2 protein chains.
Amino acid sequence: MKVTLQSVADAVGVSRSTVSNAYSRPDQLSPELRERILSTARQLGYAGPHPTARSLRRGRVGAIGVLFTDVLSYAFTDPYAVQFLRGLAETAEQHDTGLLLVPLSLDGGVDSARAVQDAAVDGFCVYCLPDWHPARSALAGRQLPTVTTDLPREVTPQSAFVRVDEAAATRSAGELLTQLGHRRVGIIVDWCRPQALTKPTPLSFTDPAELAAIDEYETRERLRGYYEALNEAGITLPELMIVNATGNSREAGEAAAGQLLDRRDRPTAVVALTDLLALGVLDAMTIRGLWPGRDVSVIGYDDLPEAEVGGVTTIRQDPLVRGRLAGRLLLDPPDDPADRQLTLPTELVVRATTGPALAGDDR
Amino acid sequence: MKVTLQSVADAVGVSRSTVSNAYSRPDQLSPELRERILSTARQLGYAGPHPTARSLRRGRVGAIGVLFTDVLSYAFTDPYAVQFLRGLAETAEQHDTGLLLVPLSLDGGVDSARAVQDAAVDGFCVYCLPDWHPARSALAGRQLPTVTTDLPREVTPQSAFVRVDEAAATRSAGELLTQLGHRRVGIIVDWCRPQALTKPTPLSFTDPAELAAIDEYETRERLRGYYEALNEAGITLPELMIVNATGNSREAGEAAAGQLLDRRDRPTAVVALTDLLALGVLDAMTIRGLWPGRDVSVIGYDDLPEAEVGGVTTIRQDPLVRGRLAGRLLLDPPDDPADRQLTLPTELVVRATTGPALAGDDR
DNA sequence: TTGAAAGCGGTACCAT
DNA sequence: ATGGTACCGCTTTCAA
């Protein structure tokens, strides 16, 4: 027989309410009675108020759901994501709130929607989830407070987010390149698709509208920023040598970079949309005996510790702070809706992997 | 007015049960009716069955709680922990189960116990939590399936765990050292205490019983293994130069190593209880112009990627597999209780940071 | 201070 | 295939 609050009440000879109070509102009853109740409970092996029953009644769970980049287990592969999660966890801790990592299936199948529907949480934090993902619509259905890390496609005064002006960041990086005289630029992206790629795949765009149609905020915006800067210098969209990597990892970056570096019209600069990819580019160059910053310039994004160590020119942003703010927006939201729409600064960090385009190499 | 299952039932003109079935057991009603119900629900803006209410009734939540090393946000700092979490997440995903990261407060105060009591989960996974932590006792109270990564102090046939024979692993590492002629050995540990250290602190043990009293499984066992191996070669416990670092990080390792390397009777070997600490030892040596494997031998533990790159002699274990197995034990437990008590293998990986004790340095 | 009663929002068994 | 009806386990007015 299971021990419930009721059994404790019976054993002590008081009502359920009193036992409940003994746990949740100690000031509502005499210390002696409370002690008597608690000790009896202990003897009976009562585990304390049932969390689910309690939250049903209270209308609050004490946890927020985290919707992470496509596959949950992938999140732990990405240092930037991990830092973000850490910041979020910090804030959650301070509010005695748990983090529920919601299991999203690989292909974003039906069960992803279910997972979101079934998540017992008070709110959601969405971290870079593609627009097409079923979890997105399931999320809308739940009508819970939500904070995203991207700019929602349709921003309403209600939406809350902690975004980064990705396009502005890459635009400044692109300007650096054109100032250095680069005209042949390769770009490595990791544009997750419903089904993963098995090998690096060239992407060709002819019309800027195609860029705008990309269903992932970060990919879309970062690419747009680079395009805008380069276009300013007269470089057209089709001239960009864009390669979609098989994932966001060093290895994937290396493989993708290979496709660019082995071209006859090798780019004088290769930019990657994440540092992890950029580190892969460096690996690919090392193998080929190329010097970063001299033979080919390289730019990353994120400013991971490894980027600093490796002297990689990159764009700095602070995932820890971003995570903390996301948590705050959810657990302690500012009264003014405008304060719930945050844009974090970035900084172009110029290090050793960028240099002037080789003069003789200019065509 | 809030939209509940009842309102949908009323609107369609059927009973609650039928609406419920439309969501949870589609085979129990005609497709037409189901469609009618679902579309009405949509129109009404019904968010679907309330997760909490549903789990209350069903007696199952669809999430497992994760109790992590003291502070949740710290977990994301430790690559080994992250990999473990990743393995756990993988298995959870396969079982359509979420991971609830339970917020444990820094000092393990009362709220940690509350957090465990209030966690709406079907089971718990405990990852290297000190014996004294309040969450431990709160956990016992919950009487839920639990899997730990350490050998419980009192093992019952019921307990489930995925442990590693830490002592055996470090014993073999210790034997390597004695074979190489090392007699002055420094050991760097990260023995978390209720309150964190602000600087590396020497630890001195005189009696093996003191070792056995250490309240952290990994620290206790790893230390014991080293002691046993070294003692075999006639080295006594007080001779060991043990330093407790201020955390499990490269920086903390470097600081702790400093204390050992700057001694007049500098150890000929410094072993660290984690790779992160060992990497810090290498940093400290670099600064001092010492060669690992020649001037001082270094051994780590975990075999992180950085250890391989750095040629660090270390003990390999597989956190990913460990996480997966922990998940399995919780979500798909083997019938035979004996199969729920797992000991994973380790492997001593000898690389470049170990070498013979300098002959002239033997005293 | 303590108790009675009405939910919180569903699910599942058992009839019909 | 549908509906009726307990009941999941607790919290919270409100009265006593």
Side-chain angles (χ1 to χ4, degrees), chain A residues 1-38 40-41 44-62 114 117-122 141-144, chain B residues 1-38 40-41 44-62 114 117-122 141-144:
Chain A
M1 173 55 195
K2 196 167 178 185
V3 194
T4 70
L5 186 145
Q6 181 71 259
S7 13
V8 178
D10 293 347
V12 182
V14 294
S15 76
R16 297 190 303 190
S17 335
T18 307
V19 179
S20 174
N21 283 335
Y23 282 95
S24 310
R25 313 164 62 171
D27 51 315
Q28 297 294 298
L29 73 176
S30 64
E32 307 85 65
L33 180 55
R34 177 172 139 91
E35 196 35 62
R36 198 151 59 90
I37 291 175
L38 294 184
T40 312
L44 263 46
Y46 177 56
H50 187 119
T52 310
R54 154 178 290 197
S55 20
L56 175 59
R57 185 58 233 235
R58 287 202 163 151
R60 135 154 231 282
V61 179
R114 289 280 307 203
Q117 279 157 15
D118 288 351
V121 295
D122 301 317
R142 289 284 314 256
Q143 304 170 31
L144 284 178
Chain B
M1 173 53 195
K2 197 164 178 187
V3 194
T4 70
L5 186 144
Q6 181 72 256
S7 11
V8 178
D10 292 347
V12 182
V14 293
S15 75
R16 297 189 304 187
S17 332
T18 307
V19 179
S20 174
N21 283 335
Y23 281 96
S24 311
R25 311 165 62 169
D27 51 315
Q28 296 294 298
L29 71 177
S30 63
E32 310 84 63
L33 180 54
R34 178 173 138 91
E35 196 36 62
R36 197 149 61 89
I37 291 175
L38 294 184
T40 311
L44 263 46
Y46 177 57
H50 187 119
T52 311
R54 156 179 288 197
S55 16
L56 174 59
R57 184 59 235 230
R58 287 201 164 155
R60 150 159 215 280
V61 178
R114 288 280 306 204
Q117 279 157 16
D118 288 352
V121 296
D122 302 317
R142 292 278 321 251
Q143 305 172 32
L144 284 177

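To find a chain, count down the sequence lines: A is the first, B the second, and so on, and within it residues start at 1. Bear in mind the structure is a predicted one, so any value in this text is a computation, not a measurement.
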Notebook entry, point to check: Reckon A:S55 touches a base, only the sugar-phosphate, or nothing at all at heavy-atom distances under 4.0 Å?
Noted result: nothing
Checklist line | Considering all heavy atoms, the nearest B:L44-B:S7 contact | finding: CD2-O, 4.1 Å
Margin query: Nearest 0.5 angstrom please: A:I37 CD1 to A:S30 OG, how far?
Written below: 8.0 Å
Next item on the list: Report yes if some heavy atom in the side chain of B:P51 is under 4.5 Å from a heavy atom in the side chain of A:R142; otherwise report no.
Entry: yes
Is there any protein nitrogen or oxygen under 3.5 Å from a nitrogen or oxygen in nucleotides 14-16 of chain C, and what are the pairs?
none

Item checked: With B:T18 via side chain to side chain donor-acceptor pair (under 3.5 Å) - residues at least two apart -> B:S15
Next item on the list: Figure out the CG/C1' separation between B:N21 and C:dT11, and round it to whole Å.
Entry: 9 Å
Margin query: Enumerate the salt bridge (Lys or Arg N to Asp or Glu O under 4.0 Å) contacts for residues 18-31 of chain A, please, sequence neighbours excluded, ordered by first and then second residue.
Written below: none
Margin query: The side chain of B:S24 is closest to which nucleotide in this list: D:dC10, C:dT11, C:dG3?
Written below: C:dT11
Note to self: Mind checking if A:V14 touches a base, just sugar-phosphate, or nothing, with heavy atoms under 4.0 Å?
What the structure shows: sugar-phosphate
Check: Which distance, rounded to the nearest 0.5 Å, do you find between the CD of A:Q117 and the CZ of A:R114?
Finding: 6.5 Å
Note to self: With rounding to the nearest 0.5 angstrom, report the CG to OG1 distance, B:D10 to B:T40.
What the structure shows: 11.5 Å
Could you write out each protein N or O paired with an N or O of nucleotides 6-8 of chain D at a distance under 3.5 Å?
unit_1 : atom_1 : unit_2 : atom_2 : d
D:dA6  : N6     : B:R16  : NH2    : 3.1
D:dC7  : O2     : B:R57  : NH1    : 2.8

Next item on the list: Could you check A:L33 against A:R36 for side-chain contact (heavy atoms from CB on, under 4.5 Å), going step by step and ending with a plain yes or no?
Entry: CA-CA 5 Å; A:L33 180 55; A:R36 198 151 59 90; 3.4 Å; yes
Margin query: Could you tell me if the side chain of B:L144 sits less than 4.5 Å from the side chain of B:V121, heavy atoms only?
Written below: yes
Notebook entry, point to check: Hey, does the side chain of B:S20 come within less than 4.0 Å of C:dT11's phosphate (OP1/OP2), counting only N and O?
Noted result: yes
Item checked: Minimum-distance pair of heavy atoms, taken over all atoms of A:Y23 and A:A41 -> OH-CB, 3.3 Å
Item checked: Heavy-atom closest contact (B:Y46 atom, B:V3 atom, distance) -> CD1-O, 3.5 Å
Check: Of all residues at least two apart in sequence or in a different chain, which pass the side chain to side chain contact (heavy atoms under 4.5 Å, CB included) check with B:T52?
Finding: A:T52, A:S55, A:L56, A:V61, A:A120, B:H50
Checklist line | OP1 or OP2 of C:dG3 under 4.0 Å from side-chain N/O of A:T18 | finding: yes
Considering only nitrogen or oxygen atoms on both sides, find all protein atoms under 3.5 Å from nucleotides 13-16 of chain D and state each distance.
none

Check: Atom CZ of B:R60 to atom P of C:dA12: distance rounded to whole Å?
Finding: 12 Å
Item checked: Any residue of residues 27-37 of chain B with a heavy atom less than 4.0 Å from an atom of DNA chain D -> B:Q28, B:L29, B:S30, B:L33
Next item on the list: Specify the separation, in whole Å, of atom CG of A:L5 and atom C1' of C:dG7.
Entry: 16 Å
Notebook entry, point to check: Going by the salt bridge (Lys or Arg N to Asp or Glu O under 4.0 Å) test, which pairs reach into residues 44-61 of chain A, not counting sequence neighbours?
Noted result: A:R54-B:D118, A:R60-A:D122
Next item on the list: Send over the distance from B:R54 CZ to C:dA12 C1', rounded to a whole Å.
Entry: 13 Å
Margin query: Report for the helix from C:dT1-D:dA16 to C:dT16-D:dA1: angle between first-end and last-end helix axes, five pairs each, rounded to 10 degrees.
Written below: 30°
Margin query: Taking any heavy-atom pair under 4.0 Å as a contact, classify A:Y23: base, sugar-phosphate, or nothing.
Written below: nothing
Next item on the list: Report the distance from atom CD of A:Q117 to atom P of C:dG10, rounded to the nearest whole Å.
Entry: 12 Å
Check: How close or far is atom C1' of C:dG9 from atom CZ of A:R142, stated in whole angstroms?
Finding: 13 Å
